[in-house]
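Worksheet: one structure, shown below.
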Amino acid sequence: MDYQKLADLLFPDIDKTPEDYEAMYPARDLPAGTPVTRLGPSPTGFIHLGNLYGAFVDERLAHQHGGLFLLRIEDTDDKRFVEGAVETVIDSLDYFGIHFDEGASKEGEIGDYGPYHQSDRGPLYRCFAKKLVAEGKAYPCFMTEEEIAAIRAEQESQKLTPGIYGSFAKCRDLTIEEVQAHLDAGETPVIRLRSQGNPEEPAQIHVQDAIRGELTMPENFQDVVIIKTMGLPTYHFAHACDDHLMRVTHVIRGEEWLSSLPIHYELFTALGFEVPMYCHTAVLMKVDENGNKRKLSKRKDPELALDFYKELGYHPLAVREYLLTILNSNYEEWRMANPDTDCDEFPFTLEKMSTSGALFDIAKLNDVSKDVLVKIPAKELYDFLTGWAKTYKPEVLPLLEDEDYILKILDLGRSGNKPRKDFVSASQMFDFISYFFDDYYKLEDEIPEQVSQEDAAKILDAYLATYDHSDEQPVWFDKIRTLGTELGYAAKPKDFKKNPDDYKGHVGHVSGVIRLAIVGRASSPDVWEIQQILGEERTKARIAKMRKNL
RNA sequence: GGCCCUGUGGUCAAGCGGUCAAGACACCGCCCUUUCACGGCGGUAACCCGAGUUCGAUUCUCGGCAGGGUCACCA
């Protein structure tokens with residue numbers, strides 16, 4: 001069999017040689033061992049937490065060691081194309097602080113190792129496919145969908161391993177004449193790898209994984225498709241060609257790729273490429289609605305979509321920090337030791353990555369977020385909040401116009417060495433401060449149970465009667481204390497605790513009524529400060545309003 | 001079903017033959033406090049099961065079991 005002739009017959013249009021490409025994309029001018037990583041999204045535009053998690057690993061690894069992180073668009077499947085998806089991907093990641101050094105960008109492609117859209121690399125893949133055909137390592141296959149389905153059905157009925165291999169690979173040994181005949185009949189073949197693997201007794205292969213250590217798996221024996229009918233490569237083949245030619249050193253991807261590793265190993269070997277360092281990350285999982293059961297991370301789970309966090313207004317830094325806590329288990333320890341250091345300073349390592357799937361924990365995210373937001377100055381919080389509102393809650397924008405007013409609100413109780421940690425996300429922030437806006441102010445909680453309806457009325461009456469907006473905070477509170485004492489409430493909670501039968505309740509319950517009137521809730525920052533921000537008129541009005549409705 | 005990955009408290013997760021089995025989140029209690037928070041202190045709670053190796057296994061080996069992944073001209 002003259003394989004060279006077959007190659008020329010199949011790829012008459014390919015005039016470049018693999019050597020040409022090797023010369024075109026020389027080894028990178030970087031110190032030895034410098035990582036080059038890549039993200040290869042398909043242009044569906046859908047990015048989920050898992051993608052971000054992986055992208056974060058790429059980004060950290062590259063940027064922490066002076067390496068390069070590039071974006072390659074894996075658009076070899078036209079069915080998956082979504083208009084504007086590339087921009088979406090870039091924007092989504094950008095929001096969370098993930099930036100690329102090379103590859104696809106919104107201003108066109110950057111870098112000398114392009115093109116960075118796989119759909120623009122057709123000739124390159126075909127060139128390497130041609131080489132494999134010429135070496136007898138790949139061949140054209142004309143089997144129809146129906147034939148393949150029939151083979152599969154038979155394999156299933158006989159409980160054989162499904163796939164095209166061994167004697168099932170009917171086009172493996174077509175003669176040139178037969179190929180020519182198919183071609184003349186107008187058929188377009190796919191190109192399949194002529195696998196060297198042994199279907200009867202697959203040998204063991206060993207591949208290094210930076211996260212999991214040495215992986216041992218049975219060799220591939222499937223004649224996988226490497227070039228599809230329309231001339232573009234499958235993921236497997238593109239992965240081998242691109243990651244080699246783009247001089248990628250670390251292939252970071254989810255563990256769902258683990259099972260196709262033998263294919264990639266054979267492809268790299270057949271092409272004469274050095275196998276890259278693989279880094280198979282654990283998949284993120286979730287808890288399902290009712291039960292606390294584990295469940296796989298489906299693309300449809302809304303809380304896994306990245307935009308979910310943007311919509312809720314989680315701060316990008318918070319998401320980054322949260323991800324870091326599940327990326328490297330020693331992160332939290334580091335954070336405690338370095339409370340004010342930029343999280344980018346954290347020495348991230350692949351070795352410290354977990355190999356088992358982490359369950360996404362929103363409670364933990366919230367906790368991390370509180371710690372992150374408490375350190376952000378009010379002015380920045382303001383910009384963050386308004387920025388979020390602009391796209392996700394524009395109707396409240398007018399309320400946020402008075403910057404000085406909002407700034408005071410955002411800084412409530414945040415000074416001192418024990419700042420409040422009230423804020424979790426932009427949407428939650430707005431809800432939290434919404435009582436400052438009359439349109440949103442409403443009674444959300446009940447009067448403390450220790451206080452009767454009747455007493456509540458008396459409290460409000462007395463409060464209003466003695467109210468002086470210019471009172472300093474201690475004076476203000478003494479008045480509440482006095483007023484409470486007169487109605488039979490303990491001036492100090494401790495007194496009440498010691499002798500609960502002597503009192504109806506304590507001053508906390510009394511002030512609880514006032515708090516409810518002012519903010520409509522049982523919980524809030526300091527009421528006196530709130531009143532100062534609210535102003536005398538509105539303060540009195542709210543007291544009066546609640547009194548009236550009792 | 002085949003192959004592969006994973007298996008420590010509710011969740012995340014240290015551990016790498018000998019520990020009273022860290023820590024964080026959540027939960028509960030107490031303290032602080034004018035409320036709510038914040039903070040501090042304390043508490044409940046775990047090595048999937050069974051063999052084997054060993055003086056000794058959470059840690060090593062094997063076998064189960066469980067969860068997940070994958071078996072496309074999708075990535």
Side-chain angles (χ1 to χ4, degrees), chain A residues 40-44 74-77 79-80 118 141 143 145 148 152 156 159-163 188-192 202 212 215-218 222 224-230 232-236 238-239 253-262 280 282-283 285 287 292-297 322 325-326 329-333 335-336 352 354-368 370 374 413-414 416-422 448 473-474 476-478 480-481 484 491-494 506-516 519 521-528:
Chain A
S42 65
T44 57
E74 313 219 329
D75 53 354
T76 55
D77 180 16
K79 288 186 284 295
R80 299 188 88 177
Q118 289 182 331
C141 173
M143 280 196 282
E145 255 181 73
I148 294 172
R152 186 185 187 83
E156 274 171 17
K159 294 200 186 329
L160 294 171
T161 305
T188 312
V190 298
I191 305 298
R192 284 185 186 274
R212 292 160 194 266
L215 298 166
T216 304
M217 327 186 99
Q222 298 269 353
V224 292
V225 172
I226 58 175
I227 300 286
K228 302 188 263 189
T229 319
M230 74 276 205
L232 284 174
T234 54
Y235 168 86
H236 309 300
H239 154 53
R253 41 145 72 155
E255 68 176 334
E256 68 267 21
W257 290 107
L258 231 27
S259 53
S260 45
L261 192 53
H280 289 98
V283 294
M285 298 196 273
V287 194
N292 268 22
K293 288 179 182 175
R294 293 188 163 195
K295 203 184 167 189
L296 94 146
S297 56
Y322 170 68
T325 66
I326 50 180
S329 51
N330 54 329
Y331 177 74
E332 289 185 85
E333 198 179 306
R335 175 45 87 206
M336 275 187 266
K352 280 260 173 21
S354 171
T355 49
S356 57
L359 210 48
F360 174 71
D361 185 359
I362 199 152
K364 183 80 178 184
L365 203 214
N366 289 344
D367 182 68
V368 171
K370 282 182 181 178
V374 79
R414 296 214 314 155
N417 55 351
K418 286 185 178 182
R420 298 180 62 91
K421 297 181 179 176
D422 290 322
Q473 211 234 24
W476 165 80
F477 194 74
D478 273 343
I480 295 177
R481 204 172 252 149
K492 297 196 169 178
K494 266 187 182 166
H506 62 76
V507 66
H509 302 128
V510 176
S511 64
V513 176
I514 295 161
R515 160 175 278 113
L516 189 64
V519 307
R521 301 174 190 172
S523 156
S524 79
D526 185 73
V527 172
W528 182 79

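Note that this is a predicted model, so its numbers are computed, not measured. Quick note: numbers below take in every heavy atom, side chains included, and nothing from hydrogens, waters or symmetry partners. Chain naming here is simple, since letters A, B, ... match the order of the sequence lines and numbering starts at 1 in each.
Nucleotide B/G1 has B/C71 as its partner under the Watson-Crick or G-U criteria, with both atom distances under 3.5 Å. Across all strands shown, B/U34 forms no Watson-Crick or G-U wobble pair with both distances under 3.5 Å. As the counterpart of B/G10, B/C25 is assigned, both hydrogen-bonding distances of the Watson-Crick or G-U wobble pattern falling under 3.5 Å. Applying the Watson-Crick and G-U wobble criteria (two distances, each under 3.5 Å), B/A46 pairs with nothing in any strand. Across all strands shown, B/U61 forms a Watson-Crick or G-U wobble pair, both distances under 3.5 Å, with B/A51.
Taking the P atom of each, B/C31 and B/A45 are spaced 23 Å apart, rounded to whole Å. Distance noted for atom C1' between B/C71 and B/U58: 34 Å (whole Å). Remark: the separation of the C1' atoms in B/A13 and B/G52 is 30 Å, to the nearest Å. Comparing the P positions of B/A21 and B/U59 gives an interatomic distance of 15 Å, to the nearest angstrom. When the C1' atom is used for both B/U19 and B/C27, the distance is 26 Å, rounded to whole Å. Comparing B/C48 with B/G9, their P atoms are spaced 7 Å from each other, to the whole Å. Comparing the P positions of B/C28 and B/C36 gives an interatomic distance of 14 Å, to the nearest angstrom. Look at the P atom in both B/G15 and B/A57: the space between them is 22 Å, to the nearest Å.
Not a single donor-acceptor contact under 3.5 angstrom links the side-chain atoms of A/T355 to the base of B/C5. For A/E255 and B/U70, a side-chain-to-base donor-acceptor distance below 3.5 Å is absent, hydrogens and geometry of angles not being considered. Taking only distance into account, the side chain of A/R420 meets the base of B/C36 through a donor-acceptor pair shorter than 3.5 Å.
Looking only at side-chain heavy atoms (C-beta outward), A/T355 and A/E255 stay at 4.5 Å or farther from each other. Looking at heavy atoms from C-beta onward, A/V507 lies out of side-chain contact with A/K492 at the 4.5 angstrom threshold. Put simply, the side chain of A/P525 reaches to within 4.5 Å of the side chain of A/D422, judged on heavy atoms. Using a 4.5 Å heavy-atom threshold, the side chains of A/V224 and A/T234 count as separate. For the pair A/I226 and A/P233, the minimum side-chain heavy-atom distance is 4.5 Å or more.
Phosphate proximity of B/A13 to A/S354: present, with a side-chain N or O under 4.0 Å from OP1 or OP2. Applying the 4.0 Å criterion to OP1 and OP2 of B/A13, one finds that A/K352 has every side-chain N and O outside that range. Listed pair A/K228 / B/A75 meets the phosphate criterion, a side-chain N or O lying under 4.0 Å from OP1 or OP2. Within the 4.0 Å cut-off from OP1 or OP2 of B/C32, at least one side-chain nitrogen or oxygen of A/K494 is found. For the pair A/R152 and B/A72, the criterion of a side-chain N or O lying under 4.0 Å from OP1 or OP2 is met.
Closest approach to the A/Q473 side chain among B/C36, B/U34, B/A75 is made by B/U34 (side chain taken as heavy atoms from C-beta onward). Checking B/U34, B/C4, B/C74 against every side-chain atom of A/P218, the shortest atom distance belongs to B/C4. Of the listed nucleotides (B/U34, B/C3, B/C74), B/U34 has the atom at the smallest distance from the side chain of A/F477. Ranking B/C71, B/C74, B/A37 by closeness to the A/D77 side chain, first place goes to B/C74. Checking B/A75, B/C5, B/U34 against the side-chain heavy atoms of A/S42 singles out B/A75 as nearest.
When heavy atoms are screened at a 4.0 angstrom cut-off, A/V225 is found touching the sugar-phosphate backbone but no base atom. Within the 4.0 angstrom heavy-atom criterion, no nucleotide atom of any strand lies near A/R414. Backbone-only engagement by A/T76 is indicated by non-hydrogen atom pairs under 4.0 Å involving sugar-phosphate atoms exclusively. Note on A/T229: a base of the nucleic acid sits closer than 4.0 angstrom, heavy atoms only.
Between A/H509 atom NE2 and B/U33 atom P the separation is 16 Å, expressed in whole Å. Rounded to an integer number of Å, the gap from A/D422 CG to B/A37 P is 10 Å. We find that CD of A/Q222 is positioned 8 Å from C1' of B/C71, with the value rounded to whole Å. One can place NZ of A/K159 at 7 Å from C1' of B/G1, the figure rounded to the nearest angstrom. For A/D526 and B/C36, the CG to C1' distance is 10 Å, given to the nearest whole Å. We find that CE of A/M217 is positioned 16 Å from P of B/G2, with the value rounded to whole Å. Rounding to whole angstrom units, CG of residue A/L215 and P of B/C4 are separated by 11 Å. Atoms CG (A/L365) and C1' (B/C12) sit 12 Å apart, rounded to a whole Å.
In summary, A/R481 and A/D478 engage in a salt bridge, as defined by a charged side-chain N under 4.0 Å from a carboxylate O.
A/E156 is linked by a salt bridge (Lys or Arg N to Asp or Glu O under 4.0 Å) to A/R152, counting only residues two or more places apart in sequence or in another chain.
Note that the CG atom of A/L232 and the CG atom of A/D75 stand 8.0 Å from one another [nearest 0.5 Å]. In this structure, OG1 on A/T188 lies 14.5 Å from NZ on A/K228, to the nearest 0.5 angstrom.
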* Determine, for nucleotides 23-30 of chain B in 5'-to-3' order, which nucleotides have protein heavy atoms under 4.0 Å from the base (write B), from only the sugar-phosphate (write S), or from neither (write -). => -BSS----
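Where A/I227 and A/R212 meet RNA chain B, the nucleotide closest to each residue was compared, and A/R212 sits on the side nearer the 5' end. Between A/P493 and A/H236, the residue anchored closer to the 5' end of RNA chain B is A/P493, taking for each the nucleotide with the nearest heavy atom.
The aromatic rings of A/W257 and A/H236 sit perpendicular, their planes meeting at an angle over 60°, well past the 30° parallel limit. Relative orientation of the A/H509 and A/H506 rings is tilted, given thresholds of 30° and 60° on the angle between their planes.
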